[in-house]
Amino acid sequence: MAVLDGASDRPEAGQETPLEAASTPNLDALVRRGSLGSIYTVGKGIAPESDAGVFSLLGYDPLHIHLSRGVVEAIGAGVDFDDGDLALRAGFATAEGAKLVDRRAGRNLLTEEARQLATTVNSEVKMKNGTRFQFEATVGHRAVVVFRANGHKFSSEISNFDPAYVRTGKISIAQPGAKEYEIPKCDALDDSVEAIKSAALVNEFGFKTRQVLDANPVNQQRREQGKRPANFILMRDAGTTRPRVQSFRKKWGLDTAMIADLPAELGIGRLLEMEVREIPPGTSLEDYRKRAELVLRLAGEYDLVYVHLKGPDEPGHDGLYDLKKQRIEEIDGGFFSHLRQAAKIQRTVLCVTCDHSTPWKDKGHSDDPVPVLVAGGSMKPDGSSRFTETNAGSGHFEKMERGSILLPRLKQIAA
């Protein structure tokens, strides 16, 4: 299963989507071997985060299991988490006055810069009541924060300290992108003392980190270089307990390897007790080729190999049509060109899909369905020629109302 992060878009009259415009001869050749369909990765009308999309594609229902991206990313980043702690997915951002002007600090924050800023946060931010925390920079602007219980009682029933994702039930729903936002505020979602205190804690942390980050030498240097400072921290998807889920092996009877590079996917793989192969982030042809080689090596050892391919999602968030198209072409030239030529793949059930749509005009995740290709096993070619949103609508494979039914269907096809 190859998941192209955010590659899907919204078809519009008079304009090709990046998938339609991209030159993808290698993926096209694989499409001609199989059948196309479409999936609402979590459910119709839901614009999912990546973690919920991935979780659903692996056969779990995120609408009924509180996955908690904060906890999952802590696990993925190797940060200690004990039940009772409060974990949130975090990220460096840029604030000016009372406005949040960039949710990703220009998306050019180096991981080393982020780690220097994280060191400052951990050493200089002192919380009231002696609450201890660990703030960990992961990749680029991404981070995770875990507040230690140590006698404190926390609640995950708090709103996101991030205006681009709104807590709804057990998941967060992505909102359309905006040029700027009001500075966020965390609110309790119920009237419990624990929720009220947890929301106040998040607000306090956000305020205090801004104080220590704004004048940090890293940000002074970024301003001198004409870059946006990473002077604010967003937080979302709070969790206080490790999700209680069956291991993938117990639920589906498959020995599985996951190949990924970011904490969300790595955390899901570890949570589900998969064999996790972490690979350095990268979107060059060589980076994608290495992923294809690893897929082929593992395909002989495991019943299922899941590979998460970053690249198209970020330019979708940034509204960069041409770059999103380029990223798709790089995946085709580096990953699918290598996969297509392998004899092993001819004897394998191949599934290609996306964890969500990221329309470049919206600059955010949407509730649009994504295409899915299935080739091999009992699946017969349906005459499709290209992996696009429009072609998916006319393919002979199923139109699925939720992604969690894909995995059992793939097992049937492979049997």
Arg148: which of Asp83, Asp80, Asp85 passes salt bridge (charged side-chain N to carboxylate O under 4.0 Å, His left out):
Asp85
Could you check whether any side-chain N or O of Ser159 sits under 3.5 Å from a backbone N or O of Asp187, counting only pairs where one atom can act as donor and the other as acceptor?
yes
Got Phe248 and Leu304 here, is their nearest side-chain heavy-atom distance under 4.5 Å?
yes
Are the side chain of Glu389 and the backbone of Asp9 linked by a donor-acceptor contact shorter than 3.5 Å?
yes
Does Leu262 reach the side chain of Glu265, with side-chain heavy atoms less than 4.5 Å apart?
yes
Note: Thr17 and Tyr321 closest approach over all heavy atoms is O-OH, 3.8 Å
Any side-chain heavy atom of Glu49 within less than 4.5 Å of one from Tyr165?
yes
Between the CZ atom in Phe55 and the OG1 atom in Thr41, the distance rounded to the nearest 0.5 Å is 13.5 Å
Within 45° of the axis and under 6.0 Å from the centre of the six-membered ring of Tyr60, does NZ or CZ of Lys251 qualify?
yes
Do Ile279 and Ile259 have side chains that get closer than 4.5 Å, going by heavy atoms?
yes
Do Leu117 and Asn219 make a side-chain contact, defined as non-hydrogen atoms from C-beta onward lying under 4.5 Å apart?
yes
Does the pair Lys324/Glu16 count as a salt bridge with the N-to-O cut at 4.0 Å?
no
side-chain contact (heavy atoms from CB on, under 4.5 Å) partner of Phe133, the single match among Val146, Leu86, Asn122:
Asn122
Any side-chain donor near an acceptor of the partner, Ser404 and Asp61, under 3.5 Å:
no
Arg107/Asp318 ion pair, N-O < 4.0 Å
yes
Kindly state whether the ring of Phe205 and the ring of Phe161 have centres lying under 6.0 angstrom apart.
no
Any side-chain heavy atom of Leu271 sitting closer than 4.5 Å to one from Pro243?
yes
Before you tell me yes or no, could you show the steps for His308 and Asp261 under side chain to side chain donor-acceptor pair (under 3.5 Å), namely the whole-Å CA-CA distance, both residues' side-chain angles and the distance that decides it to 0.1 Å?
CA-CA 8 Å; His308 200 88; Asp261 49 27; over 6 Å; no
Between Glu113 (side chain only) and Leu110 (backbone N and O only), is there a donor and an acceptor less than 3.5 Å apart?
yes
Arg291 to Phe335, cation-pi by 6.0 Å centre distance and 45° axis angle
no
For Phe397 against Lys399, the heavy-atom pair lying closest together:
O-NZ, 3.3 Å
Nearest heavy-atom neighbours spanning His356 and Pro48
CB-CG, 3.9 Å
Tell me whether Thr358 contacts the main-chain N or O of Gly316 through its side chain, where contact means a donor paired with an acceptor under 3.5 Å.
no
Is it the case that the side chains of Ser172 and Asn160 hold a donor-acceptor pair, with the cut-off being a distance below 3.5 Å and no angle test?
yes
Between Lys153 and Ala149 (side chain of the first, backbone of the second, donor and acceptor by atom type, cut-off under 3.5 Å), is there such a pair?
no
Without swapping roles, check the side chain of Asp162 against the backbone of Ala164 for a donor-acceptor pair under 3.5 Å.
yes
Will you find, in the side chains of Asp382 and Ser384, an N or O donor that is under 3.5 Å from an N or O acceptor?
yes
If I compare all heavy atoms of Cys354 with all of Ala7, which pair ends up nearest, and what's the gap?
SG-CB, 4.0 Å
Arg270/Glu278 ion pair, N-O < 4.0 Å:
yes
In this structure, CG of Leu309 is separated from OH of Tyr288 (nearest 0.5 Å) by 6.5 Å
Can you name the closest pair of heavy atoms from Asp368 and Arg10 and give their distance?
OD2-NH2, 2.9 Å
Validation row, ring centre Phe135 to ring centre Phe92 under 6.0 Å
yes
What heavy-atom pair brings Ser357 and Ser8 nearest, and what distance separates the two atoms?
OG-OG, 2.9 Å
Counting N and O atoms only, with roles assigned by atom type, does the side chain of Ser56 sit under 3.5 Å from a partner on the main chain of Gly53, one being a donor and the other an acceptor?
no
Could you check whether Glu273 pairs with Arg249 (Lys NZ or Arg NE/NH1/NH2 to Asp/Glu carboxylate O, under 4.0 Å)?
no
With heavy-atom distances below 4.5 Å as the criterion, would you say the side chains of Lys310 and Arg327 are in contact?
no
I'd like to know if the side chain of Trp252 reaches the main chain of Ser247, judged simply by a donor and an acceptor atom lying under 3.5 Å from each other, with no hydrogens or angles considered.
no
Strictly below 4.0 Å, N to O, side chains only: are Arg289 and Asp287 in salt-bridge contact?
no
Can you tell if the side chain of Phe232 reaches within under 4.5 Å of the side chain of Leu100, non-hydrogen atoms only?
yes
When you measure from the side chain of Thr131 to the backbone N and O of Met127, does any donor-acceptor pair fall under 3.5 Å?
no
